[in-house]
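Read through the structure below, which is laid out as structure tokens, and then see the notes.
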Amino acid sequence: MMRNILSVFCIMLFAFGISAQAKTTSQNQTAGQNSSQTQQTLDIPEDGCDFMILPQQPKKKRSANKKEQEPTDPYPNRVEAYICFEPSSAYYTEAGLDILDSIYAITFNKDNNKFYKMTIEAYDDAEPLNEQNASLARERAVMIFNYFASREESEFIIKRTPSTYTHSCNGEMAYFIKYKMPFDFKWVNLYKKSEQERTNNGISLVGKVHLVIENDPEGCLGEYFDYYYPANDSILSASCSMVKIPKGSLEYITHTKDTIEYSCDISYKEYMRFEDLTANYHLIPHKKQYLINAGYIVIDAEHQPDYHSCQNKENFTNVITVSVPLELQQNEARLKFYAKTFDAKGKIVYKSIPTKREKDKETKLQTITAEINAFQLDTIYIGKKIEEKEMSDYFYPAKEGEPGAFQAMGGWLKPYKLDKKGSYVIKKAMQMILRKPVGQIADE
């Protein structure tokens with residue numbers, strides 16, 4: 001009985017020993033595999049020279065529904081390298097040049113959408129300092145900088161990163177943001193440094209440059225700039241009229257780097273005074289109807305969008321305000337604003353646009369206000385539509401060359417005439433349309 005118990009106990013001890021040995025062997029093999037994988041990932045040479053460290057791409061996970069996974073980003077957020085130099089020299093080795101070429105091919109690729117900054121840490125040969133090697137570390141840092149700058153034929157390191165911007169007419173547009181890459185120089189003399197200070201992650205720094213390139217959009221670009229034309233709400237006023245042009249109403253470009261001009265010149269003139277208007281009088285341009293011109297405003301903006309080439313016309317709404325106060329005699333004339341619009345064929349026609357009227361309780365003066373869009377800039381008229389048979393109620397027949405004469409209805413007309421005393425003679429209907437002239441008005 002006792003013999004049987006001892007036999008079972010011995011068998012159990014033997015089995016336990018085999019199991020422990022197998023577990024230890026398995027752990028050792030796994031550790032060796034992990035070490036081998038890490039070494040293979042970094043691919044570090046024995047001398048620690050001329051190699052590049054890239055982050056490992058995450059492994060694709062198996063999905064039960066077998067849907068296509070999003071493609072991995074081919075361009076790394078960080079690139080690290082150790083570049084070796086010839087002893088006592090500021091020139092990198094031929095193998096170091098190959099590594100620099102590889103780094104350039106990745107980080108400066110025309111499809112690389114990262115915004116990189118660069119850190120260059122240069123080290124000397126850890127030898128006693130003398131006149132020849134005192135600036136060796138710094139010269140090595142400059143050599144690395146010059147490599148990247150010379151690739152762009154510039155005194156700076158220039159990168160072009162593909163991006164997009166949104167234009168009010170053209171929508172989203174492809175765009176290359178060209179920027180000067182931020183960099184940081186560091187150079188260190190190793191002669192009096194300890195052995196620990198002469199290594200980094202187990203890699204000797206003697207005779208090397210440690211190069212780090214990292215994705216840092218904020219550090220490279222700062223804030224994105226949004227360009228709105230005009231940049232601020234603009235209120236333009238003259239003696240008789242006022243125009244308010246809100247920010248972004250004429251054109252806008254968003255999400256770009258500050259490589260474009262974002263100023264916007266707006267010119268503004270009014271022709272409201274009787275003398276200015278009648279000196280070069282004309283009817284409001286219209287093919288089928290007669291529109292009497294009671295005054296007009298000319299607005300010209302440097303960044304006014306082109307109607308025919310604009311693909312997103314819905315971005316331009318009626319937000320530009322035009323406002324004109326009327327004189328007392330004009331209150332009953334029911335004047336309207338006329339602005340250019342575009343017909344189905346894209347031709348310009350002048351049509352009346354909705355107006356609001358506000359009346360001052362004390363002065364009894366009316367102000368008419370209209371809202372237009374950026375396509376309607378140029379000339380905004382104030383006027384009134386009449387029939388052909390009514391033309392004689394407003395104008396006098398004239399001859400070519402007479403003061404105020406203009407061509408209409410196959411002949412010449414004029415809005416006023418002068419009596420022997422030099423006073424203006426204006427027809428009653430026309431007096432309600434135009435502002436009062438400077439001087440006397442005589443009855444017909």
Side-chain angles (χ1 to χ4, degrees), residues 238 240-241 268-300 322 324 326-343 345-355 368 370 372 375-444:
C240 298
S241 58
Y268 171 74
K269 294 181 180 179
E270 66 169 25
Y271 298 88
M272 296 290 173
R273 294 173 63 248
F274 178 90
E275 291 77 11
D276 293 338
L277 185 61
T278 56
N280 186 26
Y281 191 86
H282 61 274
L283 296 174
I284 297 173
H286 203 280
K287 289 185 177 181
K288 298 181 179 180
Q289 297 165 321
Y290 291 95
L291 305 178
I292 297 179
N293 181 6
Y296 60 99
I297 303 161
V298 180
I299 312 167
D300 182 41
V322 182
V324 175
L326 302 179
E327 292 188 352
L328 285 173
Q329 81 280 1
Q330 295 177 302
N331 287 352
E332 303 301 323
R334 310 306 298 171
L335 298 177
K336 292 184 177 181
F337 279 107
Y338 290 85
K340 67 181 183 182
T341 56
F342 297 86
D343 62 16
K345 295 182 180 180
K347 293 183 178 180
I348 296 175
V349 293
Y350 272 88
K351 291 184 178 181
S352 63
I353 55 179
T355 56
I368 57 173
I372 61 175
F375 299 118
Q376 295 177 304
L377 293 190
D378 185 14
T379 306
I380 312 296
Y381 288 99
I382 304 170
K384 184 176 183 179
K385 180 171 66 175
I386 64 170
E387 300 292 334
E388 182 178 344
K389 61 184 179 181
E390 299 177 89
M391 290 287 281
S392 60
D393 296 336
Y394 294 86
F395 299 100
Y396 296 102
K399 295 180 181 179
E400 184 177 359
E402 286 188 54
F406 65 97
Q407 280 188 301
M409 299 178 63
W412 292 84
L413 298 174
K414 59 183 181 181
Y416 69 93
K417 62 182 180 179
L418 298 174
D419 64 8
K420 294 180 180 181
K421 296 180 180 180
S423 299
Y424 289 102
V425 181
I426 311 169
K427 294 197 173 187
K428 294 293 184 182
M430 197 62 162
Q431 286 186 34
M432 295 179 64
I433 297 294
L434 301 181
R435 292 175 179 271
K436 289 181 179 181
V438 176
Q440 297 295 320
I441 301 176
D443 294 331
E444 286 186 275

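Basis for what follows: all heavy atoms, side chains included, without hydrogens, waters or symmetry-related copies.
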Heavy-atom pair with the smallest gap, counting every atom of [X] and [Y]:
X      : Y      : value
Pro437 : Ile441 : CD-CD1, 3.6 Å
Lys399 : Ala405 : O-CB, 3.6 Å
Pro397 : Lys414 : O-CE, 4.0 Å
Gly404 : Pro415 : O-CD, 3.3 Å
Met409 : Leu413 : SD-CD1, 4.5 Å

**Request:** Apply side chain to side chain contact (heavy atoms under 4.5 Å, CB included) to Ala370 and list each qualifying residue two or more places apart in sequence or on a separate chain.
**Result:** Phe337, Ile353, Thr355
**Pairing residues for Ala279 by the side chain to side chain contact (heavy atoms under 4.5 Å, CB included) criterion, not counting sequence neighbours** = none
Distance in Å, [X] [atom1] paired with [Y] [atom2], rounded so as to fall on 0.5 Å steps:
X      : Y      : atom1 : atom2 : result
Gln440 : Leu418 : CD    : CG    : 13.0 Å
Asp378 : Asp300 : CG    : CG    : 7.0 Å
Leu335 : Ile368 : CG    : CD1   : 6.0 Å
Asn280 : Phe406 : CG    : CZ    : 11.0 Å

Could you pull out all residues at least two apart from [X] that satisfy side chain to side chain donor-acceptor pair (under 3.5 Å)?
X      : result
Ser241 : Tyr268, Glu270
Gln329 : Glu327
Tyr396 : Glu444
Tyr338 : none

**Partners meeting salt bridge (Lys or Arg N to Asp or Glu O under 4.0 Å) with Lys336 (sequence neighbours left out)** = none
**Request:** Output all residues satisfying salt bridge (Lys or Arg N to Asp or Glu O under 4.0 Å) with Asp419, sequence neighbours left out; order by chain, then residue number.
**Result:** none
Distance-only check: which donor-acceptor pairs under 3.5 Å involve side-chain atoms of residues 427-436, not counting sequence neighbours?
| unit_1 | atom_1 | unit_2 | atom_2 | d |
| --- | --- | --- | --- | --- |
| Lys427 | NZ | Ser392 | O | 2.6 |
| Lys427 | NZ | Phe395 | O | 3.4 |
| Gln431 | NE2 | Ile426 | O | 2.9 |
| Arg435 | NH2 | Pro325 | O | 2.4 |

**Request:** Apply the test side-chain contact (heavy atoms from CB on, under 4.5 Å) to residues Leu277 and Met272: give CA-CA distance (whole Å), side-chain angles for both, the deciding distance (0.1 Å), then the verdict.
**Result:** CA-CA 6 Å; Leu277 185 61; Met272 296 290 173; over 6 Å; no
**Request:** Please collect all ring-ring contact (aromatic ring centres under 6.0 Å, His included) contacts where either partner lies in residues 418-444, sequence neighbours excluded, each pair once.
**Result:** Phe274-Tyr424, Tyr416-Tyr424
Pairs under 3.5 angstrom only: tabulate donor-acceptor contacts from the side chains of residues 284-298 to other protein residues two or more places apart or in another chain.
| unit_1 | atom_1 | unit_2 | atom_2 | d |
| --- | --- | --- | --- | --- |
| His286 | ND1 | Lys288 | N | 3.3 |
| His286 | ND1 | Gln289 | N | 3.3 |
| His286 | NE2 | Tyr350 | O | 3.3 |
| Asn293 | OD1 | Gly295 | N | 2.9 |
| Asn293 | ND2 | His282 | O | 3.3 |

**Request:** Quick one: which residue pairs count as a salt bridge (Lys or Arg N to Asp or Glu O under 4.0 Å) with a foot in residues 381-395, not counting sequence neighbours?
**Result:** none
